[in-house]
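The block underneath contains the structure these notes are about, expressed in structure tokens.
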Number of protein chains: 2
Amino acid sequence: MALLDLLGRRWALRVLWELRDDTAAPTFRALQARCGNVSSSVLNERLRELREAEIVTVSPGGGYRLTPEGHELMLALAPLDAWAVRWAARSLPEKRDRSNS
Amino acid sequence: MALLDLLGRRWALRVLWELRDDTAAPTFRALQARCGNVSSSVLNERLRELREAEIVTVSPGGGYRLTPEGHELMLALAPLDAWAVRWAARSLPEKRDRSNS
DNA sequence: CAGTATCCTGGACGATACTG
DNA sequence: CAGTATCGTCCAGGATACTG
């Protein structure tokens, strides 16, 4: 699937997550900071890919933000996220069980 | 996110997809064939990870199948899949547009 | 048939230095 | 500040040969 080729890459989802809030429209450097100082080369590469996919766009003011499609993607991601949360909640206690007698 | 660490790996989703049909419970070699003859080393690695995550299990008969959690995961994936389909449907025509005058 | 053990290679990622 | 260019490292994945 080509979609995971895009979203599976490092920082891709993190970037989308940081752009959730539509009012922010952070600049390149701001995004970079929010993402633990990714290399500018990688961040730029990701942003280019996401723009080509029309998931992200640059606002007139110069900041990055999600496109409408990007927002829909985030919505489509919600059930998966919910599953992941339940999943993590189930597997972590299991590990804890081992350290119990 | 640890979940994408798992599902983002090559063949992971493909394996789940091939295990959709619960009545099948394919064997190792059968799965390998269905996945375009992945290396046995890689397939085995993926299957081990998915079993550790309790998304896949080996049935008493010896075939692989999804766990209940695995099936829930597939359900959680549905909206994302739907989005991806619409997305592909929108971006492919765009490419075709370029070859038009 | 199921699974393991090795070796090799491409490319993703990160760091860094640079231009406009 | 925004983005590009370059280079080195490392590891996932593939090929293959092997064991039980």
Side-chain angles (χ1 to χ4, degrees), chain A residues 1-67 70 73 84, chain B residues 1-67 70 73 84:
Chain A
M1 178 189 298
L3 176 61
L4 282 205
D5 255 27
L6 187 66
L7 301 187
R9 279 180 158 62
R10 209 168 272 180
W11 304 112
L13 274 183
R14 174 67 172 273
V15 165
L16 295 187
W17 182 253
E18 297 295 349
L19 295 181
R20 259 170 320 158
D21 179 10
D22 217 8
T23 69
T27 71
F28 186 91
R29 300 291 168 185
L31 252 183
Q32 192 176 16
R34 274 162 162 273
C35 295
N37 291 309
V38 214
S39 306
S40 55
S41 46
V42 175
L43 177 58
N44 190 40
E45 196 180 344
R46 254 353 56 91
L47 284 172
R48 181 162 31 82
E49 293 162 356
L50 290 170
R51 264 182 287 142
E52 284 172 2
E54 296 181 49
I55 292 171
V56 163
T57 187
V58 289
S59 66
Y64 291 93
R65 59 175 62 226
L66 296 182
T67 64
L73 172 58
Chain B
M1 183 189 295
L3 176 62
L4 283 205
D5 255 26
L6 188 65
L7 301 187
R9 279 180 159 62
R10 209 170 269 179
W11 303 111
L13 273 183
R14 174 67 173 272
V15 165
L16 296 187
W17 182 253
E18 297 296 349
L19 295 181
R20 259 169 321 157
D21 178 9
D22 217 9
T23 69
T27 71
F28 186 91
R29 300 291 167 183
L31 252 183
Q32 191 175 16
R34 274 162 163 272
C35 295
N37 292 309
V38 215
S39 305
S40 56
S41 46
V42 175
L43 177 58
N44 190 41
E45 195 180 344
R46 254 353 56 91
L47 284 172
R48 181 161 31 81
E49 293 162 354
L50 289 171
R51 265 182 286 142
E52 285 173 2
E54 297 181 47
I55 292 172
V56 163
T57 186
V58 288
S59 67
Y64 291 92
R65 59 174 62 228
L66 296 181
T67 64
L73 172 57

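Protein chains get the first letters and strands the later ones, always in sequence-line order, with residue 1 at the start of each. Computed from a predicted model, the values in this text were never measured in an experiment.
- Evaluation of the salt bridge (Lys or Arg N to Asp or Glu O under 4.0 Å) rule for B/Arg10 yields no partner, not counting sequence neighbours.
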Under 3.5 Å between N/O atoms: give me all the protein pairs with nucleotides 17-20 of chain C, atom names plus distance.
none

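- Between the CG atom in A/Leu66 and the CG atom in A/Leu73 there is a gap of 8.5 Å [rounded to 0.5 Å].
- With sequence neighbours excluded, no residue forms a side chain to side chain donor-acceptor pair (under 3.5 Å) with B/Thr27.
- Spacing between atom CG of B/Asn37 and atom P of C/dA2 amounts to 13 Å, rounded to whole angstrom units.
- Partners of B/Asp21 under the side chain to side chain donor-acceptor pair (under 3.5 Å) rule, at least two apart in sequence or in another chain, are B/Thr23.
- A/Phe28 places a side-chain heavy atom less than 4.5 Å from the side chain of A/Leu47.
- If you measure from atom CG of B/Asn44 to atom P of C/dT6, you get 15 Å, rounded to the nearest angstrom.
- The distance between atom CD of A/Gln32 and atom C1' of D/dA2, rounded to the nearest whole Å, is 10 Å.
- Interatomic distance, CZ of B/Arg14 versus CG of B/Leu16, reported as 12.0 Å (0.5 Å rounding).
- Atom CZ in A/Arg51 sits roughly 11 Å away from atom C1' in D/dA2 (whole-Å rounding).
- Within the 3.5 Å criterion, the main-chain N or O of A/Glu54 finds a donor-acceptor partner in the side chain of A/Thr67.
- One finds a side-chain N or O of A/Tyr64 lying less than 4.0 angstrom from the OP1 or OP2 phosphate oxygen of D/dG3.
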Just the table, please: protein N/O against nucleotides 10-14 of chain D N/O, every pair under 3.5 Å.
from: D/dG13; atom 1: OP1; to: B/Arg10; atom 2: N; distance (Å): 2.9
from: D/dG13; atom 1: OP2; to: B/Arg46; atom 2: NH1; distance (Å): 2.9
from: D/dG13; atom 1: OP2; to: B/Arg46; atom 2: NH2; distance (Å): 2.8
from: D/dG13; atom 1: O3'; to: B/Arg10; atom 2: NH1; distance (Å): 3.3
from: D/dG14; atom 1: OP1; to: B/Arg10; atom 2: NH1; distance (Å): 3.2
from: D/dG14; atom 1: OP2; to: B/Trp11; atom 2: NE1; distance (Å): 3.0

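- If you measure from atom CZ of A/Arg48 to atom P of D/dT4, you get 7 Å, rounded to the nearest angstrom.
- For B/Arg65, the side chain to side chain donor-acceptor pair (under 3.5 Å) test picks out B/Asp22, with sequence neighbours left out.
- Residues that satisfy the side-chain contact (heavy atoms from CB on, under 4.5 Å) test with A/Glu49, not counting sequence neighbours, are A/Leu6, A/Arg9, A/Glu45, A/Arg46.
- Between B/Leu13 and A/Leu4 there is a side-chain heavy-atom pair separated by less than 4.5 Å.
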Its dot-bracket string being built from Watson-Crick and G-U pairs below 3.5 Å, with | for another strand and [ ] for crossing, DNA chain C has the pattern ||||||||||||||||||||
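- When rounded to the nearest whole Å, the span between CG of A/Asp5 and C1' of C/dA12 equals 12 Å.
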List the atom pairs, donor and acceptor, that lie under 3.5 Å between side-chain atoms in residues 31-43 of chain A and the rest of the protein, sequence neighbours left out.
from: A/Gln32; atom 1: OE1; to: A/Arg29; atom 2: NH1; distance (Å): 3.4
from: A/Gln32; atom 1: NE2; to: A/Val38; atom 2: O; distance (Å): 2.8
from: A/Arg34; atom 1: NH1; to: A/Glu18; atom 2: OE1; distance (Å): 2.4

